[in-house]
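What follows is a single structure, written as structure tokens, with notes after it.
For the numbers below, each heavy atom of this structure counts, side chains included, while hydrogens, waters and symmetry mates do not.
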Amino acid sequence: MISFMRLRIPNAKLAFLSRTSRVPLYRIVLSLPQKVFFCAAKYSESEVDGSFSLRLVPPTLVAAEKEEAKAVLTLFLKKQGLSNALAARAINRSDSFIDHLVSRLHSVHKSRYLVGRELTTLEIRDALIPYLEALHEEYGSILVDVVESFPNPPVVEKIEETVEKVPIPVTPASPPSAVLDSKKLKALARVTDIGPTGKLPPHILYLVELGMDIERIRVITRKFPAFAYYSLEGKIKPVVEFLLDLGVPRSQIPIILSKRPQLCGISLSDNLIPTMTFLEELGVDKEQWAKVIYRFPALLTYSRPKLRATVDFLYEMGLSAECVSKVLTRCPNIISYSVEDKLRPATEYFRSMGVDVGVLLYRCPQTFGLSIEANIKPATEFFKDKGFSMTEIATMVSRYGALYTFSLAKLVLKWEFFLTMGYPRAELVKFPQYFGYSLEERIKPRFAIMTDKGVRLLLNQMLSLSEDGFNKALKRKLQKLIDN
């Protein structure tokens, strides 16, 4: 018996060398389908075609988003088992892939960029992690090589090294599909198999008619193979019709099923409807079900003890029944946060700062989904380094709960511009919402107009007023100067 030793060579090059014989050594580089690198936009939740131009986004914002994309990718790679050093090395070799992730962000959230709205750290994370998870599902242990070699799929090469020629069988490199186990392969085949009638399976045709293209169905199936086996009449159609009856627009059904295909495997009478009734009793506004499900379809798949635990925590923090109802309706994904690992530690941290936790939970519950070490503490230290007292920081957080949802890179950019505006630091304590406005689309243009007019408005007047209100405020200020 001839034994072989499998060696890992950089860039996914797999070599198989006999321990007992000397043979030509081949470097095998997996040939990956080009489409993996360009599937971003049209399969995204926004249904945007991916034509959004990076030129529409200010360079400073692109730079900040690159840093955020690097942070998301780093954490994801570490979650897959890479050490800090290996993850850092992969990031340093992945500039093109980082650009690709940022471009994906702009495609997914095109409408927000067009109105000057900047994405929060959570929004960036929520847009990129599902995409990275899909790539990991398909390429498994070679994901790092996919990332580093982007956008050039490798080819098979021969190493220029000659050794004694003893012909022996060489184990071939596994094709990309070998990364998928047999269950996934069978499920994928079921999605595209043409039946005796010359058509796709009925449940696949039904999904296509809903607006879900074959490639999207394949992506879902890779992540959740059971989806390919759900019957049309017994599973998929009843759930779709149920969602439509709740007021969910037909165009949103593919997005919802992509986010949580497990919905189609849950019994309406035994699970979905009773869970909805249970959630309504806990406070979810039944008139808002369409919006709630679109925002977080996984809500309906959590166990009742899990749902109850989160709601009990909100009551424990002093929220009224009405406030709990609004939190669950506006931010249903709070249910996904672990009470013991996320909510309670964040509560203890904010309380140590002097923040009213109940108010913060009500105003910005998504803040409690952030990492204390990676997001919250660095932001606190940033403001401390700039001379703000802990009391002032607590006041800012209480007044603007979303303050911590922005990356440190964005906070730095806006702080640096604030220093050029001539306002006292106390203005930020009064109006921390400053950090939520777009630097290029709102802050700089309005400051330039105000300066050109030779007048001075309060920071909140300059930014929070509508275009018409801003112009009227400038005229009133000018009139006062003339009258005096």
So how far is it from [X] [atom1] to [Y] [atom2], rounded to the nearest 0.5 Å?
X	Y	atom1	atom2	answer
L419	R425	CG	CZ	10.5 Å
Q433	L428	CD	CG	10.5 Å
I236	L263	CD1	CG	11.5 Å
L300	I273	CG	CD1	11.0 Å
K184	L188	NZ	CG	9.0 Å

Could you tell me whether a side-chain N or O of [X] sits under 3.5 Å from a main-chain N or O of [Y], the two making a donor and an acceptor?
X	Y	value
N92	A88	yes
R399	V429	yes
S325	A321	no
T347	L343	yes
R260	T301	no
N333	S336	no

Please check if any side-chain donor atom of Y404 sits under 3.5 Å from a side-chain acceptor atom of T380, or the reverse.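 Result is yes, a qualifying pair exists.
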pair [X]-[Y]: side-chain heavy atoms closer than 4.5 Å:
X	Y	answer
M462	M421	yes
E467	R446	yes
L403	I393	no
K430	L458	no
M396	F388	yes
F296	C331	no
V102	K70	no
I293	I256	yes

Can you say whether the rings of F406 and Y400 are parallel (under 30°), tilted (30 to 60°) or perpendicular (over 60°)? parallel
Which word best sums up how the rings of F417 and F447 line up, parallel for under 30°, tilted for 30 to 60°, or perpendicular for over 60°?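 F417 and F447: perpendicular rings.
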Can you confirm if the NZ or CZ of K259 lies within 45° of the ring axis of Y294 and under 6.0 Å from the centre of its six-membered ring?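 So K259 does make the cation-pi contact.
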Residue list, side-chain hydrogen bond (donor to acceptor under 3.5 Å, both in side chains) with K414, at least two apart or on another chain: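 For K414 the side-chain hydrogen bond (donor to acceptor under 3.5 Å, both in side chains) partners, ignoring immediate neighbours, are E118.
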Could you pull out all residues at least two apart from K342 that satisfy salt bridge (Lys or Arg N to Asp or Glu O under 4.0 Å)? none
Is the distance between the ring centroids of F350 and F368 less than 6.0 Å? yes
Under 6.0 Å between ring centres: does that hold for F97 and H100?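 Under 6.0 Å, so yes.
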Sequence neighbours left out, what pairs pass side-chain hydrogen bond (donor to acceptor under 3.5 Å, both in side chains) with at least one residue falling in residues 366-375? E373-K377
Just grab all the side-chain hydrogen bond (donor to acceptor under 3.5 Å, both in side chains) pairs involving residues 283-293, residues at least two apart or on different chains.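 Listed by first then second residue: E280-W289.
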Stepwise, does the side chain to side chain contact (heavy atoms under 4.5 Å, CB included) test hold for F227 with V191? CA-CA 9 Å; F227 187 70; V191 167; over 6 Å; no
Do R351 and E348 meet the salt-bridge criterion of a basic N to acidic O distance under 4.0 Å? no
Can E215 and R222 be counted as an ion pair, charged N to O under 4.0 angstrom?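 Yes, charged N to carboxylate O under 4.0 Å.
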Check: residues 306-319 side-chain donor-acceptor pairs under 3.5 Å, at least two apart:
residue: K306; atom: NZ; partner: I335; partner atom: O; Å: 3.1
residue: K306; atom: NZ; partner: Y337; partner atom: O; Å: 3.1
residue: T310; atom: OG1; partner: K306; partner atom: O; Å: 3.4
residue: E316; atom: OE1; partner: R344; partner atom: NH2; Å: 3.4
residue: E316; atom: OE2; partner: R344; partner atom: NH1; Å: 2.9

Report the C-alpha distance between K235 and H203 in whole Å, list the side-chain angles of each, state the deciding distance to 0.1 Å, and finish with yes or no for side chain to side chain contact (heavy atoms under 4.5 Å, CB included). CA-CA 10 Å; K235 293 287 187 180; H203 63 301; over 6 Å; no
Please list all pairs passing the salt bridge (Lys or Arg N to Asp or Glu O under 4.0 Å) test where one or both residues lie in residues 325-334, with sequence neighbours left out. E322-K326
Test side chain to side chain contact (heavy atoms under 4.5 Å, CB included) on V327 and L361; report intermediate values, then the result. CA-CA 8 Å; V327 168; L361 267 170; 5.7 Å; no
Could you go through the side chain to side chain contact (heavy atoms under 4.5 Å, CB included) check for L257 and L207 one step at a time? CA-CA 10 Å; L257 296 186; L207 291 171; 4.0 Å; yes
